[in-house]
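See below for the structure under consideration.
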Amino acid sequence: MSEPESSPMNIDYVSNLARIELSESEKKKFRSQLGDVLKYFEKLQEVNVEGVDPTAHAFPCFNVWDQDQVKEPFRVDQALQNAPQSRNDQIVVPKVVEE
Amino acid sequence: MSSAVLLEKTAVELSDLLRNKEITSEEITKAFLKQINRIDDQVHAFLHLDEQDFLTQAKDSDKRRAQGKSLSPLDGIPVALKDVISVKGQPLTAASKILENYISPYDATVTRKLKEAGAVIGGRLNLDEFAMGSSTENSAFGPTRNPWNLNCVPGGSSGGSSAAVAAREVPLTLGSDTGGSIRQPASLCGVVGMKPTYGMVSRYGLAAFASSLDQIGPFSKTVEDAALLLEIISGHDPLDSTSFPTEVPSYTQKIHDPLAPCTLGLPKEFFGEGMDNEVRNSIEKAVEFYRSQGHRIVEVSLPTTDLAVPVYYVIATAEASSNLARYDGIRYTSRSNRAKNAVDVYAKSRGEGFGEEVKRRCILGAYGLSSGYYDAYYLKAQKTRTLIREDFNRVFKEVDAIITPTSPTPAFEFGSKSDDPISMYLSDIYTISTNLAGLPAISVPCGFTEANLPIGLQLIGPAFNESSLLKIAHAYDNEHKFGCVSPTLAKE
Amino acid sequence: MKYEAVIGLEVHVQLETNSKMFTRVPCGYGKDPNSLTDAVVLGLPGALPVMNYEAIEKSIKVGLLLGCKIADTCKWDRKNYFYPDMPKNYQISQFDQPICEGGEVEIEMPGESPAVMGKHRIVQLTRIHLEEDVGKLTHFENDSLVDYNRAGSPLLEIVSEPDLFSPEETFAYLTSLRNSLIYAGISACDMEKGQLRCDANISVRPIDTEKLGTKVELKNLNTISGVKNGVEYEIKRQIKAIEAGEEIFQETRRWNPEQRYTTSMRSKEMAHDYRYFPDPDLMPVKIDKSWIDKVKKELPEKPFDKQRRYMEEMGLPYSITSALCPDFSLCEFFEETTKLSNDPKKVGNWVVNGLLRELSASREKGKSISVKDSPITATHLAQLIELIEKGVVSNNVAKEIFPEMFSSGRSPEDLVKEKGLEVKSDQNEIESLCSKAIQEDPDAADKFRGGKEGAINALKGLVMKATRGQANPKVVDETLRRLLSK
Ligand SMILES: [Mg+2]
Ligand SMILES: [Zn+2]
């Protein structure tokens, strides 16, 4: 198991991962606030969870599904009613640049 | 009947008046509309209200009643919803700039159920942006104020829902509770607020904050009213895979069954430092009341209590970082006009569209899931969550309900915690663990401080047993009815 | 130095279901843009996923057919990354508990000639998991358009071990896998419609060494031939680079089928951090033995098993089975006809050399008729074979009317009757024609009488000519011999 580093998180990396642009002052503020929060989280590391299963659902069930029967889709105008920009019944996005 | 009198009525009383044809839904709705128009610029519980639509629904209800076709005891009663619950054709902003212009093209399941019950659905209620906060200060459209003291927060995140009931702007509201977001504002505003068992109420149509913790629940003046609204919105929903396939008993009937002597547990870890003395005194009085009624009070232990806050913030922020990824400026959210390419659209639209707390939590959540940190944060938190659940399971072998304060302090002043995330996070310290365990819990008003601020009592019950929890809560509430005391502001 | 390539394939297959993986909006191809969406497909606030039972059962079927271990329990995870074709900016997929693990695909390499069976080998699979498809982006000069019709369709990802060692093997693998998937009835696997898509992980190493080279992920291999060409190009590129003393970077490259080269998309330094975690909106799937047993009963015979059975039990030649067996519907047609006519060799011959030819001719004419819609039914073909068998028509006549049976859909009996094409077996008529032939060619008659067996053929030819080929050859032969022995 990897231990979290004690130094504050790499805010540039994580904000890019979360695709949230931050101003310099926000970065500065978050760096210190989130540093404190992570320190506060450290008490988690002391817990002994050996052999404990993780909880993904408070009350797990299995096999919750539907039969493969179709229902009515949205009309095209409904699908696009909130679109910031559309053309030819499609959503317009500025050029997709491959990373 | 004067509108001032109507505003003081509980939903059950209004329902009786309607049934006896002593009043119409239109009169009721107009009385509440008048109150909203009179005081909401001070309270700011509402983000949006379609008055015409509100009245039309009321008139439709009256027509049904005239034809003897009323749909339920809720038919004709106004209900307002937190602005994270979808209503077809109505805005849904989640109090975020990024959803400022969004209109929902579909109904949430609870909305559908309310419509089928004939409720008069009106208004979108303020909240902390995307339900992230404990004070409603994080709304992009300005905070809601506490009707008991306009300098104080109403609690959060469902601050609009609690303040609207407290200010007598509407008799019933719905909120959502991820870590206390119904119970804590209910406590701070002096109304009843209940979080049902995870899976009792469909989440379909609720803009998700943390999917494994979110539940929709009612706000009202009394426990009886909460039972009435909960009964309507509960039940299995095939559109929500986490909705539990269980029968919904009639809470409104069961609540009046005699309450057999039961065992109530006081978790010693909850009564340590950090609790306001006035809060402590009120809770002790409530405990005395139960004892005087022949119930057994025992001390219990929930040793994982101090782990709940970190576990919660790791899990909730992780889920949120993923749930909120869809608000990206592409399909239906506002797009930054500084965006030159697709990556820009995301980063700039989200940077501009999200408020500070949302950004902070999305970043924290992404970090806890990121490569190299998952095991130490997310996985560890999920495992610790198991320990927290096991703690409760053990205690519920001995007791019928757990009694705690809802919030360590009464309503606090604006700005007093907003720059210190940890102290803000700790205001949910008594409510958070029940979300992690999925349990039902209710906050019942249990008195006032010297400064006339409400105090709330929390009762936590075993899973899927809201009937018994409501009954225990009703036993107290029916004798005290602190939720029926109105703040001065609400009185004409 | 000699180099060897090591290749692993990731194949994405769209499952054929009525509705999408996590909502009941219809799946479809070629529909109006954004006409197959709802709150779930668009990832609207409040939308929640609900599994499609059929998609799970079809995945189990694929897993069983490919010999995978089916998971007792599998669960759903979110794969988080931002891309405009993905509405929620996370893909619901399976990370550490896929629905199937292991498994294998039998492949056949080309033989010395089309009539000779090539070498067979087993390729190991790593895993198969189920996930949701993304929407479709169309790129323009200054912007891109997004259509979400495909988004949310059930998608199966089949991952092989790095167990392929040449472009030819890769091609053979993909062909065999595709046949199996079509056999299982889980997808039409039409690559042009994006129903089957392929990425390859490719590295090269000096031959006879163990250590794997740095692998490159090659994307956009979206036609069967593109896979072969793309893989071939990339192997050559890597060998050339190594020989020039350059380093191979771990990166993602894109095959450009028009210009026939690969270009770099992103390097490992910018690799995605997908932040997988269990999807809290979905419950796990438990697959018990009774479910597996039920699906097992519906499993088809595997393509190569069928081919071996046709060859061993029915005595069909390789050349016929290699044309039949890749096509499940064709085999169904073959077996149905065989049941009626009981002569698999003849049926096989007619299906491959007759029906298959007509079907591909229809494709060339742009009509593209499938076996299932073949105007020649199994009953028709069985009738035709019976007519030949009984001597009602000759082989030549049968060949002649076959195209018309195909174009008109009429039964061979009808056509033969209408055109008067029945073989003439009338003894009197044939006897008079034979006498006439002997008179016309006394030379041949003498030669035959003198012991020259072959001379009878000239006489037969005369009789056939007179009847335009419709005389029953057996009867003619007998009659001539009788007359000549007098
Ligand atoms: Mg992959
Ligand atoms: Zn995939």
Side-chain angles (χ1 to χ4, degrees), chain A residues 1-2 4-5 9-22 34 41 44 49 52-99, chain C residues 17-20 23-27 32-39 41-42 44 50-57 73 75 80-85 89 135-149 252 254 265-266 270 272-273 275 277-280 282-287:
Chain A
M1 186 182 288
S2 59
E5 54 189 1
M9 68 170 77
N10 181 341
I11 202 95
D12 292 309
Y13 174 77
V14 188
S15 62
N16 177 49
L17 203 57
R19 292 284 191 275
I20 296 175
E21 188 180 76
L22 297 178
L34 293 175
F41 285 179
L44 269 186
V49 290
V52 178
D53 286 330
T55 291
H57 301 278
F59 308 107
C61 287
F62 291 95
N63 300 358
V64 182
W65 52 49
D66 267 353
Q67 294 305 315
D68 186 25
Q69 275 156 350
V70 298
K71 61 158 204 197
E72 196 68 20
F74 276 169
R75 294 185 318 269
V76 177
D77 64 302
Q78 252 177 319
L80 300 175
Q81 73 179 34
N82 291 296
Q85 206 187 337
S86 67
R87 185 171 80 229
N88 300 340
D89 289 341
Q90 295 181 69
I91 305 273
V92 178
V93 239
K95 207 152 184 58
V96 177
V97 188
E98 290 287 354
E99 258 186 281
Chain C
T17 52
N18 299 323
S19 68
K20 297 199 179 188
T23 178
R24 303 294 75 80
V25 159
C27 292
D32 290 343
N34 292 307
S35 63
L36 301 175
T37 76
D38 68 351
V41 174
L42 294 171
L44 296 188
V50 182
M51 291 186 258
N52 183 340
Y53 172 86
E54 189 69 25
I56 295 164
E57 187 161 292
T73 310
K75 67 170 175 73
N80 294 283
Y81 66 96
F82 287 83
Y83 211 73
D85 60 8
N89 290 315
K136 210 171 155 42
L137 274 164
T138 315
H139 300 288
F140 294 90
E141 184 71 26
N142 299 311
D143 57 17
S144 305
L145 295 182
V146 206
D147 170 14
Y148 293 104
N149 280 354
T252 301
R254 185 177 195 280
M265 286 168 76
R266 56 175 175 259
M270 287 200 271
H272 281 124
D273 185 344
R275 290 160 287 140
F277 74 104
D279 193 329
L282 288 160
M283 292 297 180
V285 180
K286 232 187 196 135
I287 302 165

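Residue numbers start from 1 in every chain, and the chains themselves are labelled A, B, ... in the order their sequence lines are given, proteins ahead of strands. Just so it is clear, the values below take in all heavy atoms, side chains as well, and ignore hydrogens, waters and symmetry mates. Being a predicted model, the structure only gives us computed values, none of them experimental.
Contacts of A83(A) with chain C are absent, with no heavy-atom separation under 4.5 Å from either backbone or side chain. Only the side chain of P84(C) comes within less than 4.5 Å of a heavy atom of chain A; its backbone N, CA, C and O stay farther away. Residue A55(C) does not touch chain A at all, counting heavy-atom pairs closer than 4.5 Å. For L42(C), the part lying near chain A is the side chain, with the backbone staying farther off; criterion is any non-hydrogen pair under 4.5 Å. Of the atoms belonging to N88(A), heavy atoms from both backbone and side chain fall under 4.5 Å from chain C. The part of Y148(C) that comes within reach of chain A is its side chain, from C-beta onward, which places non-hydrogen atoms under 4.5 angstrom from that chain. In this structure, chain A has a heavy atom under 4.5 Å from the backbone of D279(C), while its side chain stays farther away. Both the backbone and the side chain of Q67(A) come within less than 4.5 Å of a heavy atom in chain C.
Between V93(A) and L137(C) the shortest side-chain heavy-atom distance falls below 4.5 Å.
N34(C) places a side-chain N or O within donor-acceptor distance of the main-chain N or O of D89(A), the cut-off being under 3.5 Å. The main-chain N or O of P26(C) is never found under 3.5 Å from a side-chain atom of K71(A) such that the two would form a donor-acceptor pair.
In terms of heavy-atom pairs under 4.5 Å with chain C, the best-connected choice from C61(A), P60(A), S86(A) is C61(A). The greatest number of non-hydrogen atom pairs below 4.5 Å with chain A, out of L282(C), I287(C), L36(C), is found for L282(C). Between chain A and the options C27(C), G135(C), S35(C), the largest number of non-hydrogen pairs under 4.5 Å is found for S35(C). Note: N142(C) leads N142(C), V41(C), N89(C), I56(C) in heavy-atom pairs under 4.5 Å with chain A.
Rounding to the nearest 0.5 Å places OG1 of T37(C) at 8.0 Å from CG of L44(C). Atom CG of D68(A) is separated from atom OG1 of T17(C) by 5.0 Å, given to the nearest 0.5 angstrom. Rounded to the nearest 0.5 Å, atoms CG (D38(C)) and CZ (R24(C)) are 9.5 Å apart.
For D32(C), there are no side chain to side chain donor-acceptor pair (under 3.5 Å) partners at least two apart in sequence or on another chain. Evaluation of the side chain to side chain donor-acceptor pair (under 3.5 Å) rule for S144(C) yields H139(C) as partners, not counting sequence neighbours.
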